[in-house]
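Below: one structure in structure tokens.
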Amino acid sequence: QVQLVESGGGLVQAGGSLRLSCAASGRTLSAYAMGWFRQAPEKQREFVAVITRNGGSTFYANSVKGRFTISRDNAKNTAYLQMNNLKPEDTAVYYCAAESLGYAPTRSRDYDYWGQGTQVTVSS
């Protein structure tokens, strides 16, 4: 079992940047594919990005492609989401999640462990 804690959220102006971190404890992060999801008020949770266990492959939602970058440092047991050129529509609670089979899915129901979320608010 792994515990996940997100950090790095906050309030930023449109066009700005934030870097989210997802720190893992309990088991080594390298055992999991890692995903980022977000949920805006009154909307369903949506996929943002995913990275394979060794970081060799990534995949992004079309809405963030070219602006967001997912990465991981297995030695530090931490995954990251670098968010650039933020837009008001990126405002949401962002969650990291771990998937134990390692096939890097995009559906939230395929993930085994979740963090508590961190709020990102982008002002116009």
### For L101, the rest of its hydrophobic cluster, which grows through side-chain links under 4.5 angstrom
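Members besides L101, by chain and number: Y103.
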### Task
Using a 4.5 Å cut-off on heavy atoms from C-beta on, say whether the side chain of K87 contacts that of R67.
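The answer is yes, as the side chains (C-beta and beyond) meet within the 4.5 Å cut-off.
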### Query
Does any pair with a residue in residues 14-24 pass side chain to side chain donor-acceptor pair (under 3.5 Å), and if so which ones, sequence neighbours excluded?
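Pairs touching residues 14-24 that pass the test: S17-N84.
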### Query
Quick one: are Q13 and P88 in side-chain contact, heavy atoms under 4.5 Å?
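They are not in side-chain contact.
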### Task
For the pair S71 and Q82, evaluate side chain to side chain contact (heavy atoms under 4.5 Å, CB included) and give the outcome as yes or no after the intermediate values.
CA-CA 8 Å; S71 62; Q82 177 68 43; over 6 Å; no
### Qualifying residue for ring-ring contact (aromatic ring centres under 6.0 Å, His included) with W114, from F37, Y94, W36
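That would be F37.
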### Non-hydrogen side-chain atoms of E99 and P105 separated by less than 4.5 Å
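A side-chain contact under 4.5 Å exists here.
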### Query
Of the non-hydrogen atoms in V5 and Q116, which two are nearest, and what is the gap between them?
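The answer is CA-OE1, 3.7 Å.
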#### Entry: Closest contact, heavy atoms only, S30 versus N74
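Minimum heavy-atom separation between S30 and N74: CB-ND2, 3.6 Å.
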### Query
Are Y111 and V50 close enough that some pair of their side-chain heavy atoms sits under 4.5 Å apart?
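In short, these two side chains touch, coming nearer than 4.5 Å.
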### Query
Do the non-hydrogen side-chain atoms of L29 and R72 ever get within less than 4.5 Å of each other?
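Yes, their side chains come closer than 4.5 Å.
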### Message
Just verifying a value: how many Å separate I51 CD1 and S57 OG, rounded to the nearest 0.5 Å?
### Response
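That separation rounds to 8.5 Å.
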### Task
Take V48 and Y60 through the side chain to side chain contact (heavy atoms under 4.5 Å, CB included) test and state the conclusion after the steps.
CA-CA 6 Å; V48 174; Y60 298 90; 5.9 Å; no
#### Entry: L81: which of L20, L18, V64 passes side-chain contact (heavy atoms from CB on, under 4.5 Å)
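By the side-chain contact (heavy atoms from CB on, under 4.5 Å) criterion, L81 pairs with just one of L20, L18, V64: L20.
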### Query
Of all heavy-atom pairs between S100 and R53, which one has the smallest distance, and what is that distance?
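Closest approach of S100 to R53: O-NH2, 2.7 Å.
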### Query
Where is the tightest heavy-atom contact between S63 and R38, given as atom of each residue plus distance?
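The pair with the smallest heavy-atom distance is OG-NH2, 3.5 Å.
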### Query
Is R45 close enough and on-axis enough to Y95, meaning under 6.0 Å and within 45°, for cation-pi?
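Relative to the ring axis of Y95, which defines the angle, R45 lies inside both limits.
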### Query
So, for F47 and A61, which heavy atoms are closest and what is the spacing to 0.1 Å?
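That would be O-CB, 3.4 Å.
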#### Entry: Backbone N/O of G15 and side chain of N85: donor-acceptor pair under 3.5 Å
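The answer is no, because no donor-acceptor pair under 3.5 Å joins these two groups.
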### Query
Are the side chain of R27 and the backbone of V2 linked by a donor-acceptor contact shorter than 3.5 Å?
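No.
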### Task
Spell out, as yes or no, whether a donor-acceptor pair under 3.5 Å connects the side chain of E6 to the backbone of G117.
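Pair found, side chain donor or acceptor close to backbone of G117.
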### Distance-minimising heavy-atom pair for T78 and A23
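Smallest interatomic distance, heavy atoms only, reads OG1-CA, 4.2 Å.
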#### Entry: Check: G9 main-chain N/O paired with T118 side-chain donor or acceptor under 3.5 Å
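Flag set: sc T118 to bb G9 pair under 3.5 Å.
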### Task
Report yes if the side chains of D73 and Y80 come closer than 4.5 Å at any heavy-atom pair, otherwise no.
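Yes. Closest side-chain heavy atoms under 4.5 Å.
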### Message
Are the side chains of F68 and D90 in contact, using a 4.5 Å heavy-atom criterion?
### Response
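SC-SC contact between D90 and F68 confirmed.
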### Message
Taking atom NZ as the centre, does K43 end up with more than 12 heavy-atom neighbours from other residues, nucleotides or ligands that are less than 6.0 angstrom away?
### Response
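No, the 6.0 Å shell around NZ holds no more than 12 heavy atoms from other groups.
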### Task
Identify whether V93 and V120 are in the same connected component of the hydrophobic contact network (ILVMFWY, side-chain heavy atoms under 4.5 Å).
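V93 and V120: separate clusters.
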